[in-house]
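So the structure is just underneath, and the comments pick up after that.
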Number of protein chains: 4
Amino acid sequence: MSPPRRLPGRPVDPVARAERSRAILAAARACVARKGFHGASVADISAAAGISIASLYQSFPSKDALILAIAEDETRASIALVGRLAGPGPFAERLRDVLDAIAEEARRADALALHLEIAAEALRSPRLAAMLRQAQEALLGALADTLAAAQARGELDPSLDPAGLARLLDIVADGLFAHVALGIGDGAAATAQLLRLLRL
Amino acid sequence: MSPPRRLPGRPVDPVARAERSRAILAAARACVARKGFHGASVADISAAAGISIASLYQSFPSKDALILAIAEDETRASIALVGRLAGPGPFAERLRDVLDAIAEEARRADALALHLEIAAEALRSPRLAAMLRQAQEALLGALADTLAAAQARGELDPSLDPAGLARLLDIVADGLFAHVALGIGDGAAATAQLLRLLRL
Amino acid sequence: MSPPRRLPGRPVDPVARAERSRAILAAARACVARKGFHGASVADISAAAGISIASLYQSFPSKDALILAIAEDETRASIALVGRLAGPGPFAERLRDVLDAIAEEARRADALALHLEIAAEALRSPRLAAMLRQAQEALLGALADTLAAAQARGELDPSLDPAGLARLLDIVADGLFAHVALGIGDGAAATAQLLRLLRL
Amino acid sequence: MSPPRRLPGRPVDPVARAERSRAILAAARACVARKGFHGASVADISAAAGISIASLYQSFPSKDALILAIAEDETRASIALVGRLAGPGPFAERLRDVLDAIAEEARRADALALHLEIAAEALRSPRLAAMLRQAQEALLGALADTLAAAQARGELDPSLDPAGLARLLDIVADGLFAHVALGIGDGAAATAQLLRLLRL
DNA sequence: GATGAATGAGTGTTCATTCAT
DNA sequence: CATGAATGAACACTCATTCAT
């Protein structure tokens, strides 16, 4: 009814804002991976992002908020990964795919460091811990559902307990990640062994 | 005239010295587990050990030396754990024993924190990383030997590859540790699943 | 074609401008009283005024200009108070009136804080100090005149020196203000004592 | 009974400690008087004291603790001043003495500034406010006692109420201090007027 | 040998102010 | 004109380390 009113003042540009946040997050990820969360100063991060310290504080209210945002990013990525298990194609292939993706991610220089820093921080920040816990539970549920569906399609030994297997897979994923990231192995041997045990 | 002077260069009471170091290490483990390696100040640690800061520096030349010593302690404990697999009794029982021991350790409040801090620090300290890598390889070798022996005794499916299985077990152990420590589960379900897969 | 443009250089709606300044000043008084001049940020003040920081800077060129404006307001109020001494009615009653007004003002939560902040700032800003000094002298002169007039009307002991008494009254007013504002007393006892000494 | 045991480690030197604290306090008083409590940075103060910032923090745990200590000093000085009223000699002379001392103190460049800063800070720090309130009450009580004693000796109009007069004197003292410190007058006129009113 | 004291370098965070939109 | 965004400079405070006692 009312004509589109021009609000006074400079309009906000949500795209630029998001882009800015993204750039800061990327810089923060790099710094945290390299020096740890406590070791990476906001000065480091803002310099890596190419902005001033004060500008960083316009996008994130505190250093803690930054790590929370980083952790949320990581969580989103994990959930997307599990989603890939439910896609089309034979289950065995999809599982191998996902395990390979985990191993590949683990090979990225900063992946493990980030992972560890987030986990370590979670032990001290109840807020971060709660967020991670909740995400983990959602992930386990989705994983169990996917496994049950595979059993229904006859692609997975129906005598296995989906919930228990989901947990085991989650554990293996974590361990595989650390294994590869620490350079102990490339993950191929462990992946093959697991698929064999699952008769896939 | 002059009182009997201690000869310079001679170590004075090495027993007391070792005891002092041990106490400092224990205090440091507690502080690091609670606040992280960067978060635990040498003031915190020396206070927890009941000595002055300057005294701490007479036992350890730097804060970094402290974490190295802590990591060495942890490594020793892991190797002892694998050694339990090679003891007398049925293999299945021993494996369950060790997995239970891992889960129990993971339930200790500070275990995961310490674990994470050491791993995270290893990514930044080449010296620490080298130490851990070497220990890990020794551990994997011993584990593979133990598995092969179990196969030879007919206690384990001989078609499995001992080296690959050793890696998988190592991965599972790491993942199980994190799983339990983070409160996702108590480890029983995952342990049972693993034993079942191994037909044990 | 082009819409009617305002001539450059012409002040735009001076009434709105003054109103805006007044609102900012009120917000600033509240913030300064609550947190002190250094403690009150321009962000606080502009938020309290319901405008943006940049807009505040269009009404006042700096934070210092703001406190100067606040001090001018206060000065005006003091002069108005002295003016009430010269009004109609018996002098004793008027004096009691004014002293009561001072005590009442002192009871306002933010009055003393503002007073103190202005005084403290005056010690650092020569410009503010000069302004206050001049106002104080004008006030003392007016007060002495009022006292002399009261003596002429036979309402005040003619043996007292008007100028000296003006100073004493000014001192007492300041002290009374602080006394009441700090909650030491309600001012009644001190006021009564003073009137008794003056035989009023 | 037990022989004097040499405690291990470097013994503390309480004299040096006190001297250090005193020097820091003096530096802080100077800085606060010049720039205000919020305007004086700990860097300013430690530089003025000729020590490092970190050293300052070994004597005072926070900037707030510093101002509290300054306020305690001032309080002690005020109490000492009132004590001078109770000394030997005619009361009128003693009172004039004390008023002169106040005026002289007010002439010291930093006196008023310090006074104002403490008062302003008291409005924000409940702890400081409580300390000042308590000291003020003790001071008023001592003052009333002194006045009553003077009345008993026939040196002061016995019809005056000691408690009320104590309050008035306190108010006058505060006002006189501000009066002189702000350069409005030298205090002589106001002092004379007051003594005259008291028939001293 | 043990410790109190000292400190330079750094921490995360805030602020008054400017400028482009 | 109004405002979002940007920032250099500063802030209180902490820390790992050294050194004289």
Side-chain angles (χ1 to χ4, degrees), chain A residues 6-14 16-17 20 38-46 50-66, chain B residues 6 11-13 16-17 20 38-46 51-66, chain C residues 6 11-13 16-17 20 38-46 51-66, chain D residues 6-14 16-17 20 38-46 50-66:
Chain A
R6 284 271 295 143
L7 286 175
R10 176 173 170 177
V12 301
D13 180 346
R17 250 172 130 92
R20 163 64 58 108
H38 278 96
S41 67
V42 298
D44 289 337
I45 296 170
S46 56
I51 59 173
S52 71
I53 294 175
S55 287
L56 185 151
Y57 274 89
Q58 282 201 342
S59 293
F60 295 90
S62 71
K63 201 185 172 187
D64 282 346
L66 249 180
Chain B
R6 266 194 253 94
V12 212
D13 197 349
R17 227 181 146 75
R20 161 70 55 106
H38 273 96
S41 66
V42 296
D44 288 337
I45 296 170
S46 56
I51 59 172
S52 70
I53 295 176
S55 288
L56 185 150
Y57 274 87
Q58 291 211 335
S59 293
F60 295 90
S62 74
K63 202 183 169 187
D64 282 342
L66 252 179
Chain C
R6 264 194 255 98
V12 213
D13 198 348
R17 225 180 147 76
R20 161 71 56 108
H38 274 96
S41 66
V42 297
D44 287 337
I45 296 170
S46 56
I51 60 172
S52 70
I53 295 177
S55 288
L56 186 149
Y57 273 88
Q58 290 210 335
S59 293
F60 294 90
S62 74
K63 202 183 170 188
D64 283 341
L66 252 178
Chain D
R6 283 272 292 144
L7 286 175
R10 176 173 169 177
V12 301
D13 180 346
R17 250 173 130 91
R20 164 64 56 105
H38 278 97
S41 68
V42 298
D44 288 338
I45 296 170
S46 55
I51 59 173
S52 70
I53 293 175
S55 287
L56 185 150
Y57 275 90
Q58 283 200 340
S59 293
F60 295 91
S62 71
K63 202 185 171 186
D64 281 346
L66 249 180

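The chains referred to below are lettered A, B, ... by the order of the sequence lines, with proteins before strands, and numbering in each begins at 1.
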I want to confirm an ordering. Mapping A:K63 and C:D64 to their closest nucleotides on DNA chain E, which one lands closer to the 5' end?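 Here A:K63 is the residue nearer the 5' end.
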
What are the two closest non-hydrogen atoms of [X] and [Y], and how far apart are they?
X	Y	result
B:I45	B:L56	CG2-CD1, 3.8 Å
D:D44	D:G39	OD2-O, 3.8 Å
A:R20	A:S59	CG-OG, 3.5 Å
A:H38	A:K63	O-NZ, 3.7 Å
D:A65	D:P61	CB-CD, 3.7 Å
C:Q58	C:R17	O-NH2, 3.7 Å

In whole Å, I'd like the distance from the [atom1] atom of [X] to the [atom2] atom of [N].
X	N	atom1	atom2	result
A:H38	F:dC15	NE2	P	11 Å
D:F60	F:dA12	CZ	C1'	16 Å
B:L66	F:dC15	CG	P	16 Å
B:Y57	F:dA16	OH	P	6 Å

Would C:V42 and C:L66 count as a side chain to side chain contact (heavy atoms under 4.5 Å, CB included) here? Give the steps. CA-CA 10 Å; C:V42 297; C:L66 252 178; 5.6 Å; no

Could you provide the dot-bracket string of DNA chain E, using ( ) for intrastrand pairs, [ ] for crossing pairs and | for bases paired to another strand, with Watson-Crick or G-U pairs below 3.5 Å? .||||||||||||||||||||

What string of B, S and - do you get for nucleotides 5-10 of chain E, 5' to 3', if B is base contact, S is sugar-phosphate-only contact and - is no contact with any protein heavy atom under 4.0 Å? SBBB--

